[in-house]
Structures are given as structure tokens and as C-alpha cells.
2 protein chains.
Amino acid sequence: MAPQARSGSRTRIPLNRERVLRAAVKLADEGGIESVTMRRLAEELGAEAMSLYYHVANKDDLLDGIADAVAMEINRAADRAGAPSGGASWKAAMRRRILAARQVLLRHPWAPGLFETRTTTSPAIIGHFDALVGLMRDGGFSHDLAHHALHALGSRALGFSQELFDPGDGAAPSDAAVAEMASQFPHLAAMLTEIAHDDPESTLGWCDDQTEFEFGLDLILDGLDDMRRQP
Amino acid sequence: MAPQARSGSRTRIPLNRERVLRAAVKLADEGGIESVTMRRLAEELGAEAMSLYYHVANKDDLLDGIADAVAMEINRAADRAGAPSGGASWKAAMRRRILAARQVLLRHPWAPGLFETRTTTSPAIIGHFDALVGLMRDGGFSHDLAHHALHALGSRALGFSQELFDPGDGAAPSDAAVAEMASQFPHLAAMLTEIAHDDPESTLGWCDDQTEFEFGLDLILDGLDDMRRQP
DNA sequence: ACCTGAACACCGTTCAAGT
DNA sequence: ACCTGAACACCGTTCAAGT
């Protein structure tokens with residue numbers, strides 16, 4: 001007899017690590033990582049907070065598990081995007097891989113912040129970096145240059161934008177706001193007026209995150225390409 | 001009569017925002033940002049947690065205050081380092097300014113993480129970015145290129161390393177560890193063996209953070225320099 | 001094997017009350 | 001004007017106890 005034999009009764013789906021982690025990711029997607037508390041997560045699963053400790057050592061282990069789940073999602077997406085490279089095509093392959101990783105992060109905007117608090121790096125992330133080194137080696141990189149490249153890319157290799165200050169945050173500034181700004185920050189004010197003037201259409205969110213990410217990424221990849229050819 | 005007239009008594013230094021923020025920074029320096037709680041901060045100041053609310057609206061305001069204090073420290077250090085630029089020297093001036101900012105962060109390793117949680121950017125940080133745009137303009141940058149440059153630098157403009165995964169974490173790996181790693185991460189393992197072999201002296205912390213930061217920074221600055229000259 | 005209730009130590013914060 | 005005690009809602013976590 002299967003465990004849910006009692007016919008009419010509302011059969012409880014038993015918890016397991018998989019279900020717990022999945023629910024935690026869902027909770028984070030909906031309300032940010034700070035909304036993931038043991039008590040709220042348990043409620044989401046129709047259980048008590050203390051039940052979670054049977055499937056997860058503690059909250060830190062839970063967060064490690066979430067981070068790992070996203071890491072695997074990143075790695076899978078990047079692997080799907082990664083075509084065989086070789087020679088000059090190393091750059092295109094690397095670009096695709098990194099932009100694919102970025103797509104995953106856009107679905108989990110809380111993930112970068114979580115990754116930074118984890119002390120151990122997920123194997124899936126290490127696998128991602130291993131693949132990047134492989135692409136660079138195919139492209140003729142020395143191990144030394146590949147090593148510098150990983151450091152130079154930093155978390156950008158995972159698709160992180162890591163911009164603390166958005167020089168064009170949200171809506172294009174009103175003329176009045178720019179005028180007030182000009183006294184304290186003349187150069188930024190001048191920059192904003194000119195850029196806003198050149199592109200008057202985009203009154204909202206006129207800094208395209210994707211464009212800026214690709215600009216920075218290409219700047220680094222192009223620089224590395226030069227170094228690769230004249231070691 | 002001054003308030004501390006009562007001669008023999010242990011005169012209490014009154015709290016104020018300045019003192020509260022300074023104590024909070026000290027607490028963070030000693031035990032990380034998570035050790036800054038209202039109760040512990042009050043204890044450090046010889047007061048009760050509730051007293052803090054007279055000088056700080058709430059914890060978020062406290063954290064904003066700490067972030068602002070570090071931001072001003074960064075800005076001051078960067079201003080001190082910033083010599084007049086002009087022409088080709090824009091790069092050296094920018095480099096000095098950013099490396100000076102980095103020195104401050106090394107004293108407050110919790111600051112990058114804190115900055116990322118703040119919703120509003122400190123005026124001191126905006127001032128720092130304004131100065132960077134000024135340097136680039138002196139070097140002949142268009143406003144458009146300067147704008148892209150700010151995005152490309154991202155938090156690196158403040159000296160952040162933002163590396164989630166250190167490809168040579170801590171001690172140089174033992175031969176046994178590399179061998180075990182090789183099956184799952186062949187490219188990284190090969191890279192590690194070669195680099196460790198080339199530099200057998202540095203058995204501990206053989207990735208020099210400062211060197212790697214400067215490598216990445218120069219990669220970006222050099223790329224921007226090319227763009228500046230052929231717009 | 002899996003789940004829970006009661007309890008503990010620790011948070012941020014409010015509010016009425018003290019000097 | 002500045003500080004505090006008591007209290008509340010919320011954490012993570014332990015431990016003995018239930019099925």
C-alpha cells in the first residue's frame with residue numbers, strides 16, 4: 001500500500017531538500033532574499049519552521065543551497081549557449097557564454113548579493129570558470145593571461161553588472177533638477193544634459209543596462225584579444 | 001555653570017550623531033557589518049539602545065550614515081591623490097584617484113557590501129564620479145564616451161575588486177588537491193599547476209589582489225584611451 | 001523517519017515615562 | 001532636550017516529545 005492510502009484524507013506531500021530549496025528560490029524571486037526566513041518558508045510549504053531543520057542544517061546551509069541552485073542554472077544556460085570555439089572565435093564563444101549567464105541573473109536579481117555573502121564557491125560556478133579558461137586556451141591564451149583575465153572579468157564573468165551608482169538613474173532628469181545639480185556636480189550635469197538631449201525619446205530608464213554591460217564586456221574582451229596576439 | 005558642574009560625579013559625554021556614527025564604523029571594522037546592532041552599538045557608547053533613536057531615525061538611517069561617512073573618506077583620499085590632468089595624463093590621474101579610493105576600502109572591507117544595500121547614493125560618491133568625468137573631459141573624452149566609461153568601470157571606480165571566485169584562493173594547492181581537481185575542472189587545474197610552478201616562492205596567497213586589480217583597471221583604461229583617440 | 005510545541009536568546013522599534 | 005524601561009513582533013535555533 002502506498003503511504004497516501006487513506007482515501008479521502010488531504011494527503012501531505014512530504015518535505016525534502018529539493019522542495020525546500022525550490023520554495024526558497026520562489027520566495028526570493030517574489031520578495032527579495034530578505035523575505036526568506038525559516039518561518040515564512042515553512043508557512044509557504046505548509047509546515048512548521050522547525051521541520052525545515054530536518055532537511056537543512058541551518059539557515060546558512062539553506063542559503064548555500066539556494067546559491068548552488070542558481071549556480072547550476074547559470075552553468076546549464078551557459079553550457080547551452082557555448083558553441084565550440086578555437087582561434088579567433090574564442091571571443092564570440094566567451095561573449096555568448098557570459099551573456100547567457102547574465103540572462104539567468106536577470107530572473108534572480110537577488111542572486112549576486114547572495115553570492116557575495118557565501119564563503120565557499122559553488123562547484124557549478126567553478127565549472128563555469130573552468131569552461132571559460134577552456135575557451136581562452138582554445139583561443140591561444142597562455143595560462144598566465146587566462147588567469148589575469150579571470151581576475152579582470154571578476155563577477156562580470158557571471159553576468160553581474162555591479163554598478164553602485166547609475167549615472168542616469170531612472171527617468172531622464174528634468175531641466176530644473178539638472179540646474180540644481182550643476183552647482184555641485186558640474187561635469188555630471190553637463191554629461192546628463194548632453195546625453196538626454198541626444199536621445200530625447202527615452203525619457204525613462206535611458207541607460208540601457210544590457211548595452212552598457214556589453215560595452216564593458218567587449219572593452220575587456222577586446223583588450224585581452226590584443227594581449228593574446230602580442231604576448 | 002557648565003552642565004558637568006557636579007564635581008566628583010562621572011560626567012557623561014552626551015551622544016550625538018557624529019559619535020554614534022563613529023562608534024558604528026569602529027564596530028564594523030572590528031567585527032564586520034553584521035555585528036553592528038542597535039543594542040551592541042548602544043552598549044559600546046555606554047547607553048541604552050533606545051537612546052540611539054534620538055540621534056538616528058532608525059537602523060536604515062544609521063547604515064546610510066555609515067555609508068556616507070566612508071564615502072566622504074573615499075572622496076577626500078581621492079581628492080588628495082588627484083593631480084591636475086589634461087591631455088594624455090588623464091589616465092594617470094584617473095588611476096591615482098581610483099587607487100586612492102581603493103586604499104580606503106581596504107581599511108573598511110565591509111563597505112562594498114554595505115554600499116550595495118543602500119538605495120540612495122551618497123553625495124560624496126556622486127562627487128567622486130563627477131571628478132572622474134572631469135578628468136576624462138580634460139583628456140578629450142566626449143560626454144558619451146565618459147558615460148560609457150562610468151558604466152564600464154562600475155564599482156571598480158571606487159576600488160572594489162568584486163571577485164566572487166578567486167582562481168587561486170589562499171594557499172597554493174597541493175599536488176594531491178590539484179590531481180583530484182583535474183578530473184572535474186581540467187582547465188583550472190592545469191592553469192593552477194603551471195602558475196604555481198612558475199612562482200614556487202609564494203606558497204601562500206599567491207594571487208596578489210593589488211596586482212590583479214591594477215591589471216583589470218589598466219585593461220579598461222587602456223581600452224578607453226584607444227577609443228578616445230579614434231572616436 | 002519525519003514532524004512539532006514550547007522555550008531561549010537575540011533582533012528592531014514604539015510609546016509612555018522619567019530627568 | 002535628552003535618555004530610559006517595559007513591551008511587542010519578529011528572528012534563528014535547541015531540545016524533548018510526538019506519530
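Proteins come first, then strands; the chains are lettered A, B, ... in the order of their sequence lines, and each starts at number 1.
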[X] has an atom [atom1]; how far is it from atom [atom2] of [N], in whole Å?
| X | N | atom1 | atom2 | answer |
| --- | --- | --- | --- | --- |
| Ile33(A) | dG12(D) | CD1 | P | 11 Å |
| Glu48(A) | dG12(D) | CD | P | 14 Å |
| Glu43(A) | dG12(D) | CD | C1' | 17 Å |
| Leu45(B) | dC2(D) | CG | C1' | 14 Å |
| Arg40(B) | dC10(C) | CZ | P | 9 Å |
| Tyr53(B) | dC15(C) | OH | P | 13 Å |
| Leu52(B) | dC2(D) | CG | P | 14 Å |
| Leu62(A) | dG12(D) | CG | C1' | 12 Å |

Is Arg39(B) near enough to dA9(C) that one of its side-chain N or O atoms lies under 4.0 angstrom from OP1 or OP2? no

Is any side-chain N or O of His55(B) closer than 4.0 Å to OP1 or OP2 of dA1(D)? no

List the atom of Arg97(A), the atom of Leu135(A), and the distance in Å for their closest heavy-atom pair. CD-CD1, 4.2 Å

Check ion pair [X]-[Y] (N to O, under 4.0 angstrom):
| X | Y | value |
| --- | --- | --- |
| Arg95(A) | Glu214(A) | yes |
| Arg17(A) | Asp61(A) | yes |
| Glu18(B) | Arg22(B) | yes |

When you measure from the side chain of [X], which nucleotide among [options] comes out closest?
| X | options | result |
| --- | --- | --- |
| Thr37(A) | dT13(D), dG12(D), dG12(C) | dG12(D) |
| Tyr54(A) | dC2(C), dC2(D), dT13(D) | dC2(C) |
| Ala47(B) | dT4(D), dC3(D), dG12(D) | dT4(D) |

For a quick check of understanding: with a heavy-atom distance under 4.0 Å over all strands, which category does Met50(B) fall into, base, sugar-phosphate or nothing? base

Give one of base, sugar-phosphate or nothing for Ser51(A), where a contact means two heavy atoms less than 4.0 Å apart. base

